[in-house]
Number of protein chains: 2
Amino acid sequence: MDSAAARERALDAAEELFYGRGVQSVGMDEVRGTSGVSLKRLYQLFPSKDLLVEAYLERRDTRWRERLAAHVDRYEDPERRVLAVFDRLEEWFAEPDFRGCAWINAHGELGATSPRVAAQVRAHKRAFRAYLARLVAAAGLPDAVAGQLYLLAEGAMVTAGITRTTEPAARAREAAGVLLRAA
Amino acid sequence: MDSAAARERALDAAEELFYGRGVQSVGMDEVRGTSGVSLKRLYQLFPSKDLLVEAYLERRDTRWRERLAAHVDRYEDPERRVLAVFDRLEEWFAEPDFRGCAWINAHGELGATSPRVAAQVRAHKRAFRAYLARLVAAAGLPDAVAGQLYLLAEGAMVTAGITRTTEPAARAREAAGVLLRAA
DNA sequence: ACCGTAGGAGAACGTTCGTTCTCACGTCAA
DNA sequence: TTGACGTGAGAACGAACGTTCTCCTACGGT
């Protein structure tokens, strides 16, 4: 197994475990067991657990935003594209291993003690918010609407994570529709 | 120091530390140091750390909802009372030691591994949501609006916790105003 | 005064975990 | 063939931490 493959496997295992059970309740030894990558190699690729956590969050950030954009790009109508964000949320919430927003969870767990994780979370949320702002601007709507929709989306994520239902997405979408019409 | 006073001090310290830095990064020894309650007494009052965590969340839940209700009760107009929820959020976000919603944070940290904490978080959120529903019903508005406002409030909490600004409260309040007018 | 009990300070115990080390094995270059 | 090197399995190390234990002091009832 070459270095790149080991890295992917390690990140796959890290993501599954850290996201599924929280960072602090997963030991490096379990990452080794799940990934099949030896401890020695793990520490070559990621010299500390902190760095593995950062890499996990970073890769997940890229993928999460790509999947969102891919979903939105199914549509052309600018207003429909805004609402597609909430459709994507619903799809996400329905995934069998969904356990809430990885960044909100990581912030709750590590935000107070790890400035780097806190910064990654802020960057991720800033990027999401900026994306929403672009969609709203493309629909010719005032920027304030983006902030409102952003709060709805965050509320839906956190609520879906706690209740383990997809329903918050539909509710947020309804509210978003009202806000769009009112703007 | 009698037993009741020791209990209060222990809970004060637990709340300050657990809320401020997260549960898992605070040891029982630090709770002892901050509270001035010896380990022996701590374990008499709370036979395990888990039970101390539960007691912390429970006491905070009671107080948090009392303060919210007290703020809302300043007003009589039913619609104003609904909006007062967001005023209270802004006040909360501005507190100097504000670090996001304790239950969202606890859920991110422990929700996946502690069913009891997860249940407490769900109960707290259910209670908040039910309170909002009562305010909305008293204003003669459809129940669906309560769900929408709830998502706005949760989004504001999570965003304020991550960005450490009070601004999400004002944005959520604006959006809430629009939703109320549209209903 | 005397004893039983409670409490405080802090050592001690056992476990977990991040990280490093040991050792044996296989591979490839000279 | 030999020897340097990379790797894997897992032991080992050191720290942190939840929990319990030891020992000493102080007090309340007789």
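Proteins come first, then strands; the chains are lettered A, B, ... in the order of their sequence lines, and each starts at number 1.
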_Heavy-atom closest contact (Asp87(B) atom, Tyr75(B) atom, distance)_ = OD2-OH, 4.4 Å
*Does a side-chain N or O from Gln44(A) land closer than 4.0 Å to OP1 or OP2 of dT7(D), or not?*
yes
*Output the single nucleotide from dT19(D), dG8(C), dG8(D) whose closest atom is nearest the side chain of Ser38(A).*
dG8(D)
*Identify whether any heavy atom of Val26(A) sits under 4.0 Å from a base atom; if not, whether one sits that close to sugar-phosphate; answer base, sugar-phosphate or nothing.*
sugar-phosphate
*Figure out the CG/P separation between Asp29(B) and dT20(D), and round it to whole Å.*
15 Å
*Between the main-chain N or O of Gln24(A) and the side-chain N or O of Glu109(A), is there a donor-acceptor pair closer than 3.5 Å?*
yes
*Given atom CG of Asp2(B) and atom C1' of dC27(D), what is their separation to the nearest angstrom?*
16 Å
*What is the distance from CZ of Arg41(B) to C1' of dT5(C), rounded to the nearest Å?*
13 Å
*Let me know, please, whether Gly27(A) or Arg32(B) comes out on the 5' side of the other along DNA chain C by nearest nucleotide.*
Arg32(B)
*Report the distance from atom CG of Leu42(A) to atom P of dA9(D), rounded to the nearest whole Å.*
11 Å
_Side chain of Lys40(B) only, heavy atoms from C-beta on: which candidate in dT7(D), dC23(D), dG18(C) is closest?_
dC23(D)
_Is it the case that atom CZ in Arg171(A) sees more than 12 heavy atoms from other parts of the structure closer than 6.0 Å?_
yes
*Inspect the contact between Arg99(A) and Glu15(A) and indicate whether a charged nitrogen and a carboxylate oxygen are less than 4.0 angstrom apart.*
no
*Whole angstrom is fine here: how far is it from CE in Met28(A) over to P in dA16(D)?*
19 Å
*asked:* Whole angstroms only, please: what is the CZ-P distance between Phe18(B) and dG18(D)?
replied: 8 Å
_Closest listed nucleotide, where the reference is the side chain of Leu39(A) and the choices are dT19(D), dT7(D), dT19(C)_ = dT19(C)
*Taking the side chain of Tyr43(A) as heavy atoms from C-beta outward, which of dA11(C), dG18(D), dG18(C) is closest to it?*
dG18(C)
*What's the CD-C1' distance between Gln24(A) and dA15(D), to the nearest Å?*
16 Å
*If only atom types and distance count, is the side chain of Lys49(B) paired as donor or acceptor with the main-chain N or O of Val23(B) below 3.5 Å?*
yes
*Rounded to the Å, how far apart are Lys49(B) NZ and dT16(C) P?*
16 Å
